[in-house]
Amino acid sequence: FLPPPRAPSFLPAPSPAMEIAAALAPLDRVVSQYRRDVNRLPSGAPPDALTALEGHLNRRLPPGLRQFLTLHNGADLFRGQLRIRATSEVAVASETVQQVILFADTHDEVRWAWAVDVRDDNSSAYVFGTWDGERMTAQHTTFGGWLAACIAEIETRVTRRSDLDD
């Protein structure tokens, strides 16, 4: 597990409400912009499923991811190019690295994970990044930032104009 990059100290941490709104904004845009069969979003996970998942992981879910799972228990976006796992599929990365949690996958077998970064001053924050089977490379500090970046990258590769909902 590599230490995640530190956010510049002059940037304030987003509030939970801001993080949740940021997490859902790109998803709302994608759902309205593309045909229904391009993105599959099941109904939300029941509260007891979220509580059970947090108990199984022995940690709280990041606020943005928790809110997402409350609204949609997983997702299959852009015809499977990005799959956010349902509560029953979220899992620790490995028996030896249980602090890293796998929550999403791409069609080209990239596994996305989150972890809690405990900083030098004993404060902590969630980080999101890729898991290569041995270590996590942190790339985002919020679920919303992660989701927006993934959607932006996938949209640059959309070649079927028929997928758009004109």
Drop me the distance from [X]'s [atom1] to [Y]'s [atom2], to the nearest 0.5 angstrom.
X      : Y      : atom1 : atom2 : answer
Leu102 : Thr130 : CG    : OG1   : 11.0 Å
Leu69  : Leu53  : CG    : CG    : 7.5 Å
Cys150 : His140 : SG    : NE2   : 6.0 Å
Thr51  : Leu61  : OG1   : CG    : 9.5 Å

Are Tyr126 and Trp146 an aromatic pair, judged by ring center distance below 6.0 Å?
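No: the rings miss the under 6.0 Å criterion.
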Looking at the rings of Trp131 and Trp112, which for Trp means the six-membered one, are their centres under 6.0 Å apart?
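For Trp131 and Trp112, the ring centres are not under 6.0 Å apart.
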List the residues meeting salt bridge (charged side-chain N to carboxylate O under 4.0 Å, His left out) with [X], not counting sequence neighbours, and say none if there are none.
X      : answer
Glu54  : Arg60, Arg66
Arg111 : none
Asp76  : Arg40

Should we count CG of Asp48 as having more than 12 external heavy atoms under 6.0 Å?
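Above 12, so yes.
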Please determine whether the number of non-hydrogen atoms from other residues, nucleotides or ligands lying under 6.0 Å from atom NE2 of His107 exceeds 12.
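Correct, the count exceeds 12.
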Tell me which pairs pass salt bridge (charged side-chain N to carboxylate O under 4.0 Å, His left out) where either residue lies in residues 93-103, with sequence neighbours left out.
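Checked against salt bridge (charged side-chain N to carboxylate O under 4.0 Å, His left out) - neighbours excluded - no pair reaches residues 93-103.
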Heavy-atom check, side chain of Glu109 versus side chain of Asp105, under 4.5 Å:
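Heavy-atom side-chain distance check fails, nothing below 4.5 Å.
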Do Val127 and Trp114 come within less than 4.5 Å of each other through their side chains, counting heavy atoms only?
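They are not in contact (no side-chain heavy atoms under 4.5 Å apart), so the answer is no.
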Evaluate the ring planes of Phe68 and Phe143, with Trp represented by its six-membered ring, and classify them as parallel (under 30°), tilted (30 to 60°) or perpendicular (over 60°).
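Ring orientation, 0 to 90° scale: tilted.
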Which residues share a side chain to side chain contact (heavy atoms under 4.5 Å, CB included) with Val92, sequence neighbours left out:
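Result, side chain to side chain contact (heavy atoms under 4.5 Å, CB included) vs Val92: Leu57, Gln98, Ile101.
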Apply side chain to side chain contact (heavy atoms under 4.5 Å, CB included) to Asp108 and list each qualifying residue two or more places apart in sequence or on a separate chain.
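Only Thr106, Val110 meet the side chain to side chain contact (heavy atoms under 4.5 Å, CB included) criterion with Asp108.
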